[in-house]
Amino acid sequence: SRSPTPMKLRDAPSACPSLWRCLPCPPAELRLDLVLSSGQSFRWWESSPGAWTGVLGGRVWTLRQDGDRLWYTVYGEEDEHEEEQQGGCPAKAAKLDAAETDRILRDYFQLDVGLSALYRAWGAADPLFRKVANDFPGVRVLRQDPVECLFSFICTSNNHISRITAMIERLCQAFGRRLCCLDSRPFHAFPSLSALTGADAEARLRALGFGYRAKFVSGSARAIAEGLGTEGLCQLRTEPYAEARRVLCALPGVGAKVADCVCLLSLDKAEAVPVDTHVWHIAQQRYGVALGGKSLTPRAYQEIGDFFRGLWGPRAGWAQAV
DNA sequence: TGTAGACCTAA
DNA sequence: TAGGTCTAC
C-alpha cells in the first residue's frame with residue numbers, strides 16, 4: 001500500500017459531508033441500534049455513540065440515523081488507486097458506486113418491506129405483541145449473505161453472544177480477506193467457503209477457541225463445497241421453506257434452530273420461526289402454548305412455530321424478531 | 001417418538 | 001450456565 005496516511009473511522013457526516021450519503025428511512029421503519037445489536041448479525045460494532053461500523057458485501061461501512069434519514073459512509077480498500085482503476089474518470093465511477101452502495105444497503109435492510117403496516121397487522125392480531133412493539137419499533141429482519149449467516153449461526157449453539165462475537169471476529173481475522181485498517185484496527189471480510197475447506201481448518205478453528213464447533217464449521221464447509229456449492233446454497237432462496245430447511249439440516253452442526261435462523265435471516269423465508277430455549281419459555285408462559293413435554297422435542301419445536309405462524313401469519317419470523 | 005448426556009470454553 | 005446438536009437408549 002502507498003496510502004500516505006492511515007484511514008480513520010468516521011462517526012458523523014458533519015466532519016466530511018462529501019464522504020457520506022443518505023437514504024430516506026423513518027425510525028418506525030428501522031432502528032439501527034436494535035437491529036444491529038440483537039444477535040441477527042455479529043459483525044457490527046457501535047464505534048461511537050449512534051454510529052455503527054461493520055463489514056457488509058466485502059466493504060467496511062459506518063451507519064448512522066438522524067431523524068428520517070439513514071446515513072452511511074463506505075471506506076476504500078487500502079490498496080485502492082482510484083484514478084488508475086477507474087480509467088481516469090473518477091466522477092463517473094463515484095456515481096455508479098453510489099447507486100451500487102445504495103442498492104446494497106436497501107437490500108441488506110430490506111427497506112422495500114414496509115414495517116409499520118406489518119406492526120399494525122401483528123398488533124391487531126396479538127395484544128401481547130402490541131405491548132412489546134411500543135418499546136421496540138423499527139425492528140426488521142436483515143437479508144444477510146447465506147454463507148456468513150450459516151457459519152455464524154453454527155457457532156451459536158450452546159453459546160452466548162459475547163463469546164460468539166469474539167469467535168467470529170477471530171474467524172474473519174484468520175480466514176477472511178483483509179479489507180482495510182481504521183484507526184489502526186484491521187477489518188476482514190467474512191471468509192469464503194473455500195477458505196474454510198482446508199485440511200487444517202478444524203485444527204486452526206480449535207486453536208481459535210471454537211471448541212467442538214470447529215468440526216461443525218469445517219465439516220459443513222466441506223459438505224457444501226462437495227455438494228451444492230456456494231451458488232447452490234444461495235439458490236435455496238428460490239426454493240420453498242421446507243426444502244431449504246431440509247437441505248440445511250443435513251449439514252453437521254445444523255439442527256432445527258440454526259436452520260431456521262439461516263432460513264429467516266439469509267434465505268428469504270419470512271415464515272421461519274427459530275425457537276430457542278427463550279422463545280420456548282415465552283411460548284409456554286406468555287402464550288400458554290400447551291405442549292406436553294418438559295423439553296423442546298422436535299415435535300414441540302414444530303408446534304411452537306406453527307402456533308406463531310397461525311398467530312402472526314406468513315411473516316411470523318419477522319414478528320418474532322421484535 | 002421422547003429422554004439423557006456429552007460436547008469446547010469462559011464466565 | 002450459555003440463544004444447540006448429536007448420539008445412544
Side-chain angles (χ1 to χ4, degrees), chain A residues 34-44 132 136 139-142 144 148-175 196 200-224 244-267 269 272-287 289-308 316-322:
Chain A
L34 296 178
V35 171
L36 297 182
S37 68
S38 63
Q40 287 192 47
S41 165
F42 304 96
R43 297 221 66 201
W44 293 95
V132 176
F136 299 97
V139 177
R140 55 173 56 242
V141 167
L142 298 174
Q144 300 183 246
E148 172 170 344
C149 192
L150 171 64
F151 290 100
S152 295
F153 278 88
I154 286 177
C155 299
T156 63
S157 78
N158 199 13
N159 208 347
H160 49 270
I161 292 199
S162 62
R163 182 153 86 106
I164 298 165
T165 306
M167 282 167 58
I168 290 176
E169 177 67 30
R170 291 197 292 274
L171 174 76
C172 295
Q173 202 169 299
F175 294 88
L196 299 171
D200 57 345
E202 181 182 344
R204 291 174 65 197
L205 289 165
R206 273 195 181 267
L208 293 177
F210 276 59
Y212 63 85
R213 301 170 199 83
K215 192 194 299 260
F216 291 160
V217 169
S218 61
S220 280
R222 278 285 175 76
I224 293 173
R245 198 177 193 279
R246 192 186 61 72
V247 171
L248 292 172
C249 284
L251 298 168
V254 181
K257 196 269 185 172
V258 170
D260 275 336
C261 287
V262 177
C263 280
L264 176 65
L265 303 175
S266 76
L267 296 179
K269 310 303 181 239
V273 178
V275 180
D276 55 33
T277 52
H278 180 61
V279 170
W280 175 52
H281 215 221
I282 299 225
Q284 293 201 319
Q285 52 184 63
R286 307 284 308 267
Y287 288 88
V289 179
L291 295 166
K294 292 174 185 60
S295 66
L296 188 49
T297 63
R299 182 145 189 293
Y301 187 104
Q302 177 68 36
E303 289 195 25
I304 291 167
D306 289 343
F307 170 77
F308 284 119
W318 280 59
Q320 204 241 79
V322 180

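A note on names: the letters A, B, ... follow the listed sequences, proteins ahead of strands, and every chain is numbered from 1.
Rounded to whole angstrom, the span from the CZ atom of A/Arg213 across to the C1' atom of C/dG4 amounts to 9 Å. Across the protein-nucleic acid pair, A/Lys257 atom NZ and C/dA2 atom P stand 14 Å apart, rounded to whole Å. Whole-Å rounding puts the A/Met167 CE to B/dA11 C1' distance at 15 Å. Here B/dA11 presents its P atom at 12 Å from CG of A/Asn159, a figure rounded to the nearest Å. When rounded to the nearest whole Å, the span between CD1 of A/Ile161 and P of B/dA11 equals 17 Å. Computed from coordinates, the A/His278 NE2 to C/dA2 C1' distance equals 13 Å when rounded to whole Å. Straight-line distance from the CG atom of A/Asn158 to the C1' atom of B/dA11: 13 Å, rounded to whole Å. Rounded to a whole Å, the NE2 atom of A/His160 is 10 Å from the P atom of B/dA10.
Remark: A/Arg206 is in phosphate contact with B/dC8, judged by side-chain N or O atoms under 4.0 Å from OP1 or OP2. For A/Thr277, a side-chain nitrogen or oxygen approaches OP1 or OP2 of C/dG4 to under 4.0 Å. Considering only side-chain N and O atoms, A/Ser295 lies under 4.0 angstrom from the phosphate OP1 or OP2 of B/dT3.
Although no hydrogens or angles enter the test, the distance criterion places a donor-acceptor pair under 3.5 Å between the side chain of A/Arg204 and the main chain of A/Ala174. One N or O on the side chain of A/Ser38 and one on the backbone of A/Val35 form a donor-acceptor pair closer than 3.5 Å.
Within 4.0 Å (heavy atoms only), A/Val254 reaches sugar-phosphate atoms of the nucleic acid but no base atom. Heavy atoms of A/Leu251 sit under 4.0 angstrom from primed sugar atoms or phosphate atoms, though from no base atom. In this structure, A/Ile164 reaches neither bases nor backbone, as no heavy-atom distance under 4.0 Å exists between it and the strands shown. Using a 4.0 Å heavy-atom criterion, one finds that A/Ser38 contacts the bases of the nucleic acid, with or without backbone contacts as well. Counting any heavy atom pair closer than 4.0 Å across all strands shown, A/Pro252 reaches sugar-phosphate atoms only and no base atom. When heavy atoms are screened at a 4.0 angstrom cut-off, A/Ala214 is found touching no nucleic acid atom at all.
Base-pair partner of B/dT3: C/dA8 (Watson-Crick or G-U wobble, both distances under 3.5 Å). With both pairing distances under 3.5 Å, C/dG3 is matched to nothing as a Watson-Crick or G-U wobble pair.
Judged by atom type and distance alone, A/Arg163 reaches the base of B/dT9 through a side-chain donor-acceptor pair under 3.5 Å. Side-chain atoms of A/Tyr212 and base atoms of C/dG4 include a donor and an acceptor less than 3.5 Å apart.
The nucleotide whose nearest atom lies closest to any side-chain atom of A/Thr297 is, among C/dT5, B/dT3, B/dT1, B/dT3.
Heavy atoms only, all atoms of each residue included: A/Val258 and A/Gly253 are closest at CG2-O, 4.3 Å.
Between C/dT7 and B/dC8, the distance separating the two P atoms is 13 Å to the nearest Å. Nucleotides C/dT1 and B/dA4 have their P atoms positioned 16 Å apart, rounded to a whole Å.
By the 4.5 Å heavy-atom criterion applied to side chains, A/Met167 and A/Arg213 are counted as neighbours.
Ring-centre distance between A/Tyr287 and A/Phe308: below the 6.0 Å cut-off.
Here the straight-line distance linking atom CG of A/Leu248 with atom CZ of A/Arg245 works out to 9.5 Å at 0.5 Å rounding.
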